[in-house]
Amino acid sequence: MNRRFGWTELILGILLTGMGIYSIAMPGTALVGVVVVYGLMALATGIADVVFFARIERHMGFGPTLSLVSGVLSVLVGVMLLVHPEAGAFVVSVLFPIWFIAHCVSRLTHLNIIRFTCGNFYYWFTLIVNMIGIILGAMMMFRPALAAYSADYLISIYLLLMGVDSLVMAFSHRW
């Protein structure tokens, strides 16, 4: 069992939590600035998912393919947001819900490994956080107007939850 500190998860957790707090504290900020930062976050979480896939693949001979797909989607969303920040309104109403759902489903596929390596607390925590993320993603997908008007708050909640999730993972010393 690997007991080194999860630096990648710590950095990701700090960035996600910071963005969640920023989004709550500054609703209605210039969408372009927020979109660029969200693009960076999507890029970082995508890279983290691809790295997770590669690590599991290397050690077990197979990896959770959904993690790879989620990682690639996150990287694509991040690159698109960085290259075309003016497309932020479209991304918020259409692609973010898909990204939310894909990322949460990807995390849910890790539950067996999480229970084995991190224990029951983190297993249940991850399960609950990602189920909330799927619900938020579905709400935004089926109500694009809701996504457009409440995107800052929905994304803030999700970012805070995923940030805490990553911080707990980093300090579990088992990943």
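Numbering of residues begins at 1 and proceeds along the displayed sequence.
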Among residues at least two apart in sequence or on other chains, which ones pass side chain to side chain donor-acceptor pair (under 3.5 Å) with Ser70?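 Expected list: Asp49.
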So, using side chain to side chain donor-acceptor pair (under 3.5 Å) as the criterion, who are the partners of Tyr123 when residues are at least two apart? none
So, do [X] and [Y] sit near enough that their side-chain heavy atoms are less than 4.5 Å apart?
{"X": "Tyr122", "Y": "Asp165", "result": "yes"}
{"X": "Leu76", "Y": "Met80", "result": "no"}
{"X": "Thr8", "Y": "Val51", "result": "no"}
{"X": "Phe125", "Y": "Val164", "result": "yes"}
{"X": "Leu167", "Y": "Glu9", "result": "no"}

Quick one, Thr126 with His110, criterion side chain to side chain contact (heavy atoms under 4.5 Å, CB included). Give me CA distance, side-chain angles, the key distance, then yes/no. CA-CA 9 Å; Thr126 301; His110 306 162; over 6 Å; no
Scan Val129, Ile114, Asn130 and name whichever one has a side chain to side chain contact (heavy atoms under 4.5 Å, CB included) with Leu108.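 Going through the options one by one, the only one that passes is Asn130.
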Grab the two heavy atoms, one from [X] and one from [Y], that are nearest each other, plus how far apart they are.
{"X": "Phe52", "Y": "Ser67", "result": "CD2-OG, 3.5 Å"}
{"X": "Thr17", "Y": "Leu160", "result": "O-CD2, 3.7 Å"}
{"X": "Ala138", "Y": "Ile101", "result": "N-CD1, 3.8 Å"}
{"X": "Leu12", "Y": "Ser166", "result": "CD2-OG, 4.0 Å"}

Backbone of Ala42 reached by a side-chain donor or acceptor of Thr45 within 3.5 Å: yes
If only atom types and distance count, is the side chain of Thr109 paired as donor or acceptor with the main-chain N or O of Ser106 below 3.5 Å? yes
Applying side chain to side chain contact (heavy atoms under 4.5 Å, CB included) to Leu10 and Phe171, what does each step give before you reach the verdict? CA-CA 8 Å; Leu10 176 68; Phe171 287 102; 3.7 Å; yes
Distance, nearest 0.5 Å, that separates CG of Leu127 from CD1 of Ile132: 10.0 Å
Same cluster or not: are Ile98 and Phe142 linked, directly or through other Ile, Leu, Val, Met, Phe, Trp or Tyr residues, by side-chain heavy atoms under 4.5 angstrom apart? no
Begin from the C-alpha positions of Ile113 and Phe116 and carry the test side chain to side chain contact (heavy atoms under 4.5 Å, CB included) through to its verdict. CA-CA 5 Å; Ile113 296 166; Phe116 177 71; 5.7 Å; no
